[in-house]
Protein chains: 2
Amino acid sequence: MLLTPKIESFVMHCGEMGSRWGFNRTIGQIMGLLLMSEQPLSAVDLSETLNISRGNVSMAIKELQSWRLVSVIHKPGDRKDYYAPAGDIWELANRVFEERRKREMDPTLSLLRASIIDEPANAEEAYAQDKMAEIHDLLETITVWASELQSMSPEKLTTLMKLGSGVVKVLEFKDKVLKSGNGK
Amino acid sequence: MLLTPKIESFVMHCGEMGSRWGFNRTIGQIMGLLLMSEQPLSAVDLSETLNISRGNVSMAIKELQSWRLVSVIHKPGDRKDYYAPAGDIWELANRVFEERRKREMDPTLSLLRASIIDEPANAEEAYAQDKMAEIHDLLETITVWASELQSMSPEKLTTLMKLGSGVVKVLEFKDKVLKSGNGK
DNA sequence: TTAAACTTTCAATAATTTCTGAAACTTTAA
DNA sequence: TTAAAGTTTCAGAAATTATTGAAAGTTTAA
């Protein structure tokens with residue numbers, strides 16, 4: 001399967017960015033190619049198009065499945081597995097966020113919770129525990145917020161994002177209306 | 001400088017998480033230790049406490065400065081450089097977000113913009129360009145939103161985050177009040 | 001069954017990233 | 001000046017991570 005220069009450069013870019021996005025080059029390239037392809041692709045298609053060994057493709061697909069980013073498709077009368085992106089761009093981005101939050105924040109939250117509970121052994125540790133509590137609270141606020149945002153419908157979320165910092169105005173407006181409403 | 005077990009385990013955790021957070025083990029440990037320390041620490045303090053070579057500390061500090069996460073402090077009558085976190089936890093988290101956004105999204109946005117402008121060479125490329133446009137729009141919306149959030153004061157932002165998905169209610173409330181207000 | 005078609009696993013190797021330590025460089029007090 | 005106190009650089013070594021490819025495993029049609 002031959003790629004046009006534009007598609008190829010996108011796919012290679014995904015490979016280069018792979019490690020920054022939390023996976024590796026192979027995984028990045030494969031995801032990039034699946035996104036660009038209207039038809040689902042087999043492991044052999046991926047292996048040949050990207051010049052990647054069959055075994056590496058298999059491991060990469062497994063990893064992409066653990067991120068819930070690709071799904072398997074079967075064609076009638078063909079026993080090969082074909083792969084395609086598991087949902088639209090929006091869903092995929094959501095899954096990446098969620099998975100990275102799990103990997104990048106959850107372990108730290110656990111450690112901090114455990115470290116904060118018991119009494120400080122000395123003044124130095126008391127300071128450290130205060131800082132840990134600060135970090136914990138920030139991470140927790142972000143985690144809770146992120147999961148609430150993810151539970152919103154894409155439409156609501158888009159409205160909110162398009163509103164941007166204008167949301168402040170709306171919050172002030174609400175306060176004003178409520179205050180003028182109750183004559184206390 | 002000897003660390004209590006709790007502080008040590010936090011610092012080592014930061015080292016292990018380092019690469020997931022966008023830097024490496026040494027950088028993670030150093031940032032962790034600086035966060036836990038009430039006093040600024042010198043390069044030698046860091047090197048000895050963490051058993052890291054002097055050269056490695058120097059490179060790590062340079063990297064942390066490029067992320068704007070540590071600042072240099074000079075004590076009167078002492079020509080050593082001392083290092084401390086550059087701001088409170090909130091500011092630090094902001095800088096990490098911003099820096100990562102730059103590294104993880106901006107290059108892709110540039111590539112996508114460039115790929116989308118010219119005419120598709122064939123049907124296959126037309127499909128790919130549509131997808132690229134979708135990805136571009138999503139990344140751009142997120143980028144713009146993130147930078148607007150970062151421009152908000154920490155208090156407003158905390159209010160907004162604490163409100164969580166309840167923000168939807170406020171948006172609906174606004175629409176209702178405005179609608180009932182103008183009798184069109 | 002069985003053998004063809006396909007997938008997965010994993011030990012060995014390659015590639016990449018990180019770390020060390022010695023040498024070069026800079027600054028400052030005397 | 002100069003030498004002591006400090007910092008930075010960078011080539012090579014060590015550690016980590018990614019990749020291959022051959023062998024083992026699985027599924028299905030006949």
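Letters A, B, ... are given to chains in the order of the sequence lines, protein chains preceding strands, and every chain is numbered from 1.
If you check every strand for non-hydrogen atoms under 4.0 Å, Thr26(B) touches sugar and phosphate atoms only.
Screening residues 6-22 of chain B for salt bridge (Lys or Arg N to Asp or Glu O under 4.0 Å), with sequence neighbours left out, gives Asp118(A)-Lys6(B), Glu125(A)-Lys6(B). Pairs passing the salt bridge (Lys or Arg N to Asp or Glu O under 4.0 Å) check and including a residue from residues 136-158 of chain B, sequence neighbours excluded, read Glu172(A)-Lys156(B), Arg113(B)-Glu140(B).
Atom pair Glu16(A):CD and dT17(C):P shows a separation of 11 Å (rounding to whole Å applied). When the C1' atom of dT18(C) is taken as reference, atom CG of Leu50(B) falls 15 Å away, rounded to whole Å.
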For this session: Please step through salt bridge (charged side-chain N to carboxylate O under 4.0 Å, His left out) for the pair Arg95(B) and Glu98(B), ending with a clear verdict.
Result: CA-CA 5 Å; Arg95(B) 304 239 177 80; Glu98(B) 195 177 330; over 6 Å; no

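Residues Ile142(B) and Phe97(B) share a single hydrophobic cluster, defined by chaining ILVMFWY side chains whose heavy atoms lie under 4.5 Å apart. By the rule that hydrophobic residues join a cluster once side-chain heavy atoms approach within less than 4.5 Å of another member, Leu92(B) and Tyr82(B) end up as members of separate clusters. Taking hydrophobic clusters as Ile, Leu, Val, Met, Phe, Trp and Tyr residues chained together by side-chain heavy-atom distances below 4.5 Å, Phe173(A) does not share a cluster with Val167(B). Under the 4.5 Å side-chain heavy-atom criterion for ILVMFWY residues, no single connected hydrophobic cluster contains both Val170(A) and Val177(B). Put simply, Met12(A) and Ile30(A) are part of the same group of oily side chains (I, L, V, M, F, W, Y) that touch within less than 4.5 Å, one to the next.
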For this session: Determine, for nucleotides 4-10 of chain C in 5'-to-3' order, which nucleotides have protein heavy atoms under 4.0 Å from the base (write B), from only the sugar-phosphate (write S), or from neither (write -).
Result: BBSSBBB

Report, one pair per line, the protein and nucleotides 14-16 of chain C atoms (nitrogen or oxygen only) whose separation is under 3.5 Å.
none

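When DNA chain D is scanned 5' to 3' for any atom under 4.0 Å from a heavy atom of chain B, the first and last hits are dA4(D) to dC10(D).
Arg100(A) is linked by a side chain to side chain donor-acceptor pair (under 3.5 Å) to Glu104(A), Glu104(B), counting only residues two or more places apart in sequence or in another chain.
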